[in-house]
Amino acid sequence: MAAPSSRRACGAEVTHEPEVRLMPAPSVAAVAGWERGMRRARRLGAAAVLRLLLVAHVAAAFDPVSVGLVIGAASALTGYLSYTDLYCRFAECCREEQPLNASALKLDLEEKLFGQHLATEVILKALTGFKNNKNPKKPLTLSLHGWAGTGKNFVSQIVAENLHSKGLKSKFVHLFVSTLHFPHEQQIKLYQDQLQKWIRGNVSACASSLFIFDEMDKLHPGVIDAIKPFLDYYEQVDGVSYRKAIFIFLSNAGGDLITKTALDFWRAGRKREDIELKDLEHVLSVGVFNNKHSGLWHSSLIDRNLIDYFIPFLPLEYRHVKMCVRAELRARGSAIDEDIVTMVAEEMTFFPKDEKIYSDKGCKTVQSRLDFHEAPNGAG
Ligand SMILES: Nc1ncnc2c1ncn2[C@@H]1O[C@H](COP(=O)(O)OP(=O)(O)OP(=O)(O)O)[C@@H](O)[C@H]1O
């Protein structure tokens, strides 16, 4: 997953707190543009609407004044679309009340995420329940655990796209990567302050902001506890309500516990799909609480029960790796060549040593291996 630009990054390079606004609203310049657009629109015929919308599309790439001007004209001509509706088609708006399209999320998870029946089920239920609740008592906090390349970042991307149309590129989605944004053990206090300011500023600007913390297992102990007040059941903290925000933590910690359970099922001849959340959730929460290298070691987030779901990502098998290869071929617009699919899958390494069931990198190197096999003869 790409690192955020320094404008959105939290860490040493953040120099200012984002503007604190309780209601996200179009800028004054945009509104002035709208009014000018209204006047101009009255002089134009309705036939110009389509042309204006086209111009708005182009103007969206430039500045809010042009967007406001063109959109104002178009709203005046059409007469039934509100300014906000139209404005938000061209500029990204934070729409807190916008319901989640649960069937779209379900379809995305079921079609794109392989071998993760628990993650699919829990993420779908947790997000749907949370977004349907008009008055949540706390923000939603999910902790995703599992071996490398099993789909944690991939799922976060799917969630981001279903919550905010621009997905990871949305200004309401914020990705923190421990080794990038919080690298120095000596600067924990600084990181804690910055994290608090950063989250407060962004939630003030958009209550339904999404925060993703990648590499939690590499986060210095204690850093994450700085955000505890925001995850708790308070109605407001210093005038800001955090109850509609969503926090997702990604971690390799607990991967060994998940693999052990999956392996026990396999050895007992039981189906992987029979593993239930209750087989793993408690083991995971206790495991990461007691693991010094989990980012949640002795964390108040766990002992105050502020993490709503611990979600296990199971290690991927040979057949799942093949599914990843096919998905990647489809995404590239290439024909599905089963010889290439098998070749890529067979190049991956599998564990445990004797049974060789699970891919040790999940689907992580599928793309680069495919580049190699798809390269024209003589290249690569
Ligand atoms: N379960 C899965 N279903 C479909 N594709 C997957 C799955 N797991 C991984 N992939 C593919 O592999 C790529 C790498 O996976 P991803 O970055 O999500 O792994 P991760 O679990 O976040 O690993 P890490 O812990 O190392 O960060 C994804 O972009 C996706 O294309």
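Residues: numbered from 1 along the sequence shown. For ligands, and for the atoms within them, numbers begin at 1 and follow the listed sequence. For clarity, every value in this text was computed on a predicted model and none was experimentally measured.
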For [X], which part has a heavy atom under 4.0 Å from ligand 1: side chain, backbone, both, or neither?
{"X": "Val366", "result": "neither"}
{"X": "Leu316", "result": "side chain"}
{"X": "Met323", "result": "neither"}

Pair Tyr358 + Trp266: ring centers closer than 6.0 Å: no

Best match, Asn153, Thr150, Leu314: closest heavy atom to atom 27 (O) of ligand 1: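 Answer by nearest heavy atom: Asn153.
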
Nearest option to atom 6 (C) of ligand 1, as decided by whichever heavy atom of Cys324, Ser359, Ala327 sits closest: Cys324

Using a strict 4.0 Å cut-off to heavy atoms of [X], name the atoms of ligand 1 that fall inside it.
{"X": "Asn252", "result": "25 (O)"}
{"X": "Leu113", "result": "1 (N), 2 (C), 3 (N)"}
{"X": "Lys364", "result": "23 (O), 24 (P), 26 (O), 27 (O)"}
{"X": "Cys363", "result": "9 (C), 10 (N), 11 (C), 12 (O)"}

Contact check: [X] vs ligand 1, nitrogen or oxygen atoms, below 3.5 angstrom:
{"X": "Lys152", "answer": "yes"}
{"X": "Phe114", "answer": "yes"}
{"X": "Gly146", "answer": "no"}
{"X": "Ala148", "answer": "no"}

Please answer whether the main-chain N or O of [Y] pairs with a side-chain N or O of [X] as donor and acceptor at a distance below 3.5 Å.
{"X": "Glu347", "Y": "Arg369", "result": "no"}
{"X": "Ser208", "Y": "Ala245", "result": "no"}
{"X": "Asp214", "Y": "Val177", "result": "no"}

Parallel, tilted or perpendicular: which one describes the rings of [X] and [Y], with boundaries at 30° and 60°?
{"X": "His164", "Y": "Phe172", "result": "tilted"}
{"X": "His181", "Y": "Phe176", "result": "perpendicular"}
{"X": "Phe182", "Y": "Tyr191", "result": "perpendicular"}

Only pairs under 3.5 Å count here: list side-chain donor-acceptor contacts from residues 303-310, not counting sequence neighbours, and write none if there are none.
| from | atom 1 | to | atom 2 | distance (Å) |
| --- | --- | --- | --- | --- |
| Asp308 | OD1 | Lys138 | NZ | 3.2 |
| Asp308 | OD2 | Lys138 | NZ | 2.9 |
| Asp308 | OD2 | Thr141 | N | 2.7 |

Path from Phe350 to Phe114 over hydrophobic side-chain contacts below 4.5 Å: no

Ion pair check, Lys228 and Asp232, cut-off under 4.0 Å: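 Counted as a salt bridge, because a side-chain N and a carboxylate O are separated by less than 4.0 Å.
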
Lys112 heavy atom under 4.0 Å from ligand 1: yes

Whether Gly149 lies under 4.0 Å from ligand 1, heavy atom: yes

